[in-house]
Every structure is written in C-alpha cells, then in structure tokens.
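Heads up, the thing below is written out as structure tokens.
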Amino acid sequence: MVTEPNNWGRFGPDDQRGTLNLLTPSVVLDALRSAVSGEVLSLAMPIRGATSSPAPGTVPHLPGRPLPQHFMSVDGGDYAAGARPIGAGLRVADDALIVTHHGTTTHMDALCHMWSGDELYNGHPAARVRSYGATRCGIEHVGGVVARGVLYDVPRRLGLDHLPAGHRIPAELLEEIAVPRAGDVAVIRTGWPLVWERSREEYWSGQPGLSAEAGRWLAAHDVAAVASDNAAIGGLDARGLAEEPIEDDLHLLLLHRHGVHLIEMLWLEELAAAGRTEFVFVAAPLRIEGGTGSPLTPLAIL
Ligand SMILES: N[C@@H](CC(=O)c1ccccc1NC=O)C(=O)O
C-alpha cells in the first residue's frame with residue numbers, strides 16, 4: 001500500500017489507465033476547441049540511427065543507453081546488384097528500427113515503467129512485469145491521447161534560453177503561467193535539449209526539472225499526463241540520478257501513485273516560438289503489448 005496521496009482505486013480496482021480516464025468524450029470535445037489556426041507542430045526529436053551514414057551526429061540522450069539502430073532491409077543497392085523487382089517494374093525500400101524507449105528518444109512511459117516495493121500503480125502486482133512483457137499496466141492500455149495541452153515555458157518566463165541544470169521548477173512558477181484543468185496535458189519546457197549541441201558533457205552534467213512540490217500541484221489539479229523536454233520530468237544530478245528522497249521522486253509521485261502517464265525528451269522549440277500557451281495535444285503510442293513505453297510523436301495543433 002502507498003500512504004502518500006494517490007489515485008489507487010479511484011478509477012476502479014482493475015484500472016490500468018490512471019488519469020487518462022479523465023479524458024471523457026466531453027472533455028476531448030472541449031479540448032478540441034483549443035485549436036485556433038490549425039497549424040500542426042511535431043513535438044518529437046528526430047530518430048537518428050547510430051548506423052546512419054553519413055552520420056550527422058547524435059540527438060540528446062542519456063549516457064550509457066544503446067542508441068537507436070536503424071537498418072535498411074531492402075534498398076536501391078540491392079536492385080543495382082540485380083535483386084528481382086516485386087512486380088512489373090516495382091521496386092521497394094524497407095527498413096527496420098530497434099530503439100530502447102526510455103533514454104534515447106521522445107517517448108511515453110507506461111504505468112508499469114517504475115514502482116517501489118512489490119506493487120505497480122493501483123496495487124497491481126509488480127511480479128506481473130516479466131521478461132516476456134508486462135501483463136499489467138503495459139503501454140497498450142493507453143490507446144490515443146487527445147487533450148488540451150498547456151505549455152509551461154519556464155525559461156521564457158524567467159528570461160532565459162534554458163534552465164540551469166540545478167533548477168527545480170516550483171509550483172508557484174507554474175501557477176503564474178496557467179492553472180491546468182482536469183484532463184489537461186501539462187507540457188513543461190526546460191530548454192535543456194538546446195545544451196546538447198553546445199556540449200555533451202554539459203547536457204550530462206545534470207538536468208533541470210519539476211520540483212516534487214510542482215509534481216504534487218499538477219497531480220492535485222488532475223492533469224491527464226505530464227510531458228517535458230527533459231529526460232526524467234524531475235531533475236537529475238551529475239550522475240544522472242534522481243536526488244530526491246523516495247517519496248518525492250517524480251516518477252513515483254506521478255506515475256506510480258497518481259497513474260499520471262509521463263512523456264519525456266520532447267522537442268519543444270517550435271512550439272515555444274509559436275508563443276501559444278494552449279493548444280490541442282495529440283499522441284498515440286505504438287500498441288506494444290506488455291511494453292514499458294513507446295516511442296512517440298506528440299503533435300500540437302495550434
Ligand atoms: N526516462 C528515464 C527517466 C530517468 O532517467 C530517471 C527517472 C527517475 C529517477 C532517475 C532517473 N534516472 C535514471 O537514469 C528512464 O526511464 O531511464
């Protein structure tokens with residue numbers, strides 16, 4: 001059992017979708033009214049295979065995580081070497097991608113991604129997360145997310161390009177920008193991905209992120225999901241570790257205790273430049289049965 005405030009049992013004893021349950025048809029219809037211009041922006045980082053040639057360099061990722069592997073399975077070289085076309089004059093290019101979800105690309109965390117003790121969100125037994133897949137709280141339970149997005153552009157609010165590594169965003173600052181409604185997706189910009197091109201060492205020297213107090217504030221406002229351009233929603237120290245005491249860890253607070261799905265490693269620069277705080281947020285993870293997460297291309301409809 002968890003003793004901190006939580007959503008266990010709130011959406012039913014068998015629930016595996018957490019606060020995504022707040023996205024009822026009427027909430028979704030209301031969210032769609034947040035689109036004004038119809039412009040569509042991708043909030044995803046590019047996936048650049050480690051085998052890319054010519055290799056233009058990597059995109060932001062956590063140290064020690066295997067980079068995406070992108071392979072061509074059939075390409076023009078095969079036909080140049082005499083491969084048989086697949087029909088009269090028909091030639092095909094095909095490829096394959098191997099990607100670990102949580103450290104190298106824009107992704108969504110399933111509710112089985114992190115826990116402490118023996119239970120996942122809602123008391124599901126952690127022993128159901130096995131090498132063959134998670135038979136509770138896997139990413140396939142998400143379906144699609146269509147919600148009102150609220151951009152918390154914290155560096156802009158503070159007059160900075162990006163937050164420093166040690167910055168822990170207070171709830172008060174979020175409140176100054178906007179108070180979320182139930183079912184909103186809170187999108188937190190730290191600007192930290194901008195550091196990558198300047199220096200990998202600096203990018204890995206720690207990461208700015210939400211304070212535990214801000215996480216509690218978002219959970220208390222019943223957000224449907226929390227998304228950020230950092231890698232852990234909360235901050236990371238120079239060793240890439242969360243520094244909070246366990247009750248303040250953002251993954252445990254939001255994902256484990258409140259069933260709030262997390263979306264990490266977003267690319268928010270175009271959205272920030274558009275200057276809009278409210279928009280329609282759309283995202284759908286791959287239907288990976290038993291998956292701990294999924295690569296994701298979230299969209300903002302302005
Ligand atoms: N998306 C990251 C999150 C992360 O890095 C993290 C989350 C909570 C506490 C510590 C973390 N750092 C681990 O390397 C991951 O799943 O590894």
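Atoms within each ligand, like the ligands themselves, are counted from 1 in listed order.
- Against a heavy-atom cut-off of under 4.0 Å, Glu264 is close to the following atoms of ligand 1: 1 (N).
- Contact detail for Glu269 and Asp229: the closest heavy-atom pair is OE2-OD2, 4.4 Å.
- Annotation: atom 15 (C) of ligand 1 to nearest protein heavy atom, His102 O, 3.6 Å.
- For the pair Val129 and Cys112, the tightest heavy-atom approach, listed with the atom from each and the gap, is CG2-CB, 4.0 Å.
- At a 4.0 Å heavy-atom cut-off, ligand 1 touches Leu236 through the side chain alone.
- Contacts with ligand 1 closer than 4.0 Å are made by no heavy atom of Asp109, backbone or side chain.
- From the protein, the heavy atom lying nearest to atom 16 (O) of ligand 1 is His113 NE2, 2.8 Å.
- Ligand-side atoms of ligand 1 in range of Gly240: 12 (N), 13 (C), 14 (O), range being under 4.0 angstrom from any heavy atom.
- Here the protein heavy atom with the shortest distance to atom 2 (C) of ligand 1 is Ala231 O, 3.2 Å.
- Of the protein's non-hydrogen atoms, Leu62 CD1, 3.5 Å is the one closest to atom 5 (O) of ligand 1.
- The residue Ile233 has no part lying near ligand 1, judged by heavy-atom distances below 4.0 Å.
- The residues Asp248 and Arg216 are annotated as salt-bridged, a charged nitrogen and a carboxylate oxygen being separated by less than 4.0 angstrom.
- In terms of protein heavy-atom proximity, atom 9 (C) of ligand 1 is closest to Ala242 CB, 3.5 Å.
- Only the side chain of Arg65 comes within 4.0 Å of ligand 1, counting heavy atoms alone; its backbone N, CA, C and O stay farther away.
- In this pair, Trp192 and His162 present their aromatic rings perpendicular. The plane angle is above 60°, beyond the 30 to 60° band.
- Contacts of Met265 with ligand 1, taken as heavy-atom pairs under 4.0 Å, are absent altogether.
- Under 4.0 angstrom from ligand 1, the non-hydrogen atoms of His251 all belong to its side chain.
- Salt-bridge annotation for Glu278 and Arg181: absent, with no side-chain N of the basic residue lying under 4.0 Å from a carboxylate O of the acidic one.
- Note on Glu4 versus Arg257: salt bridge recorded, some NZ/NE/NH1/NH2 to OD/OE distance being below 4.0 Å.
- Between His258 and Trp8, the gap from one ring centroid to the other reaches at least 6.0 Å.
- For the side-chain contact (heavy atoms from CB on, under 4.5 Å) criterion with Leu41, the lone passing option out of Leu302, Ile301, Leu268 is Leu302.
- Defined by atom type and a distance below 3.5 Å, a donor-acceptor pair is missing between the side-chain atoms of Gln16 and His124.
- Counting heavy-atom neighbours within 6.0 Å of Glu172 CD, excluding the residue itself, gives a total of 12 or less.
- Nearest to atom 4 (C) of ligand 1 among the protein's heavy atoms is Ala232 CB, 3.6 Å.
- Atoms of ligand 1 found under 4.0 Å from any heavy atom of Asp249 (numbered from 1 in listed order, with element): 8 (C), 9 (C).
- Note on ligand 1: His107 sits in its first shell, one or more heavy atoms being nearer than 4.0 Å.
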